[in-house]
Amino acid sequence: EVQLQESGPGLVQPSQSLSLTCSVTGYSITSNYWGWIRKFPGNKMEWVGHISYSGSTNYNPSLKSRISITRDTSKNQFFLQLNSVTPEDTAAYYCARTAYYSYIYDSWGQGVMVTVSS
Amino acid sequence: EIVLTQSPTTIAASPGEKVTITCRASSSVSYMYWYQQKPGASPKPWIYDTSKLASGVPNRFSGSGSGTSYSLTINTMETEDGATYYCQQWSSTPPTFGGGTKLELK
């Protein structure tokens, strides 16, 4: 059974970088698509971006200048870096996997709450 | 990007009642996906490719729609169905989510 686990700091200073790790067990990240999704206070959900089975990336245009998603296949992990954060980046960040049979996200991590504040 | 508008925002239903949640897209999409989320938990896949139930989803749920109008229906509301439901499209990038519909037990 695949399991995803996010990790990273819960508090980030404005203008600094947010760095999160998604550790995957039970399934190789060299298959499917692996995404980051965030949920803001107030329940709005936003797709942040993804990295594919081949290592190619696709980002939300609203974040494109600030974001980088990378991976380490030897550790079966992928990473999110979001630069120049503001309080508007405060959200719960989830990593997730697309299904092999559809583009629905069929497995999710438990999420990590990140607050941007001084 | 495609904007998804869910209605209603909040709904209260009694056990046994039929419930319908609507998701309208600003442009035509090929498929709609639905998730269920309960407080403190991550979203769960609920309906994929518009009408197919994800693993473990009770068959009192159904999905339908095409073009710009999609819906999730619960044939007979049960207590455990109280949650927030989100629609999502990926017919164009970026994938986008609806604002969510909170379903409460009356």
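Hydrogens, waters and symmetry mates play no part in the numbers below; they use all other heavy atoms, side chains included.
Within the 4.5 angstrom heavy-atom criterion, atoms from both the backbone and the side chain of Tyr103(A) approach chain B. In this structure, chain A has a heavy atom under 4.5 Å from the side chain of Thr93(B), while its backbone stays farther away.
Residues Tyr86(B) and Lys39(A) meet the side-chain proximity criterion, which asks for heavy atoms closer than 4.5 Å. Under the 4.5 Å side-chain criterion, counting only non-hydrogen atoms from C-beta, Asp106(A) is not in contact with Tyr48(B).
Tyr33(B) and Tyr105(A) have their aromatic ring centers separated by at least 6.0 angstrom.
No path of Ile, Leu, Val, Met, Phe, Trp and Tyr side chains, each step under 4.5 Å between heavy atoms, connects Phe79(A) with Tyr93(A), placing them in separate hydrophobic clusters. Cluster membership for Tyr35(B) and Trp90(B), using ILVMFWY side-chain heavy atoms within less than 4.5 angstrom, is shared.
Counting non-hydrogen atoms of other residues, nucleotides and ligands closer than 6.0 Å to CZ of Phe40(A) gives a total above 12. Enclosure of atom NZ in Lys44(B) is not indicated, since only 12 or fewer non-hydrogen atoms of other residues, nucleotides or ligands lie within 6.0 angstrom. The local environment of CZ in Arg66(A) is crowded, with over 12 non-hydrogen atoms from other residues, nucleotides or ligands closer than 6.0 Å. By the neighbour-count criterion of 12 heavy atoms within 6.0 Å, atom NZ of Lys18(B) is sparsely surrounded, having that number or fewer from other residues, nucleotides or ligands.
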message: Evaluate Asp49(B) against Tyr101(A) for side-chain contact (heavy atoms from CB on, under 4.5 Å), listing each step before the verdict.
response: CA-CA 10 Å; Asp49(B) 295 356; Tyr101(A) 52 83; 5.7 Å; no
task: Show your reasoning for whether side-chain contact (heavy atoms from CB on, under 4.5 Å) applies to Tyr31(B) and Ile104(A).
output: CA-CA 10 Å; Tyr31(B) 295 109; Ile104(A) 192 169; over 6 Å; no
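Contact detail for Ala41(B) and Tyr94(A): the closest heavy-atom pair is O-OH, 3.9 Å. Contact record, Met45(A) with Pro43(B): CE-CG, 4.0 Å, taken as the closest heavy-atom pair.
Your options are Ser102(A), Ala96(A), Gly49(A), and the one with the most heavy-atom pairs under 4.5 Å with chain B is Ser102(A).
In this structure, CG on Asn43(A) lies 7.5 Å from CD on Gln37(B), to the nearest 0.5 angstrom.
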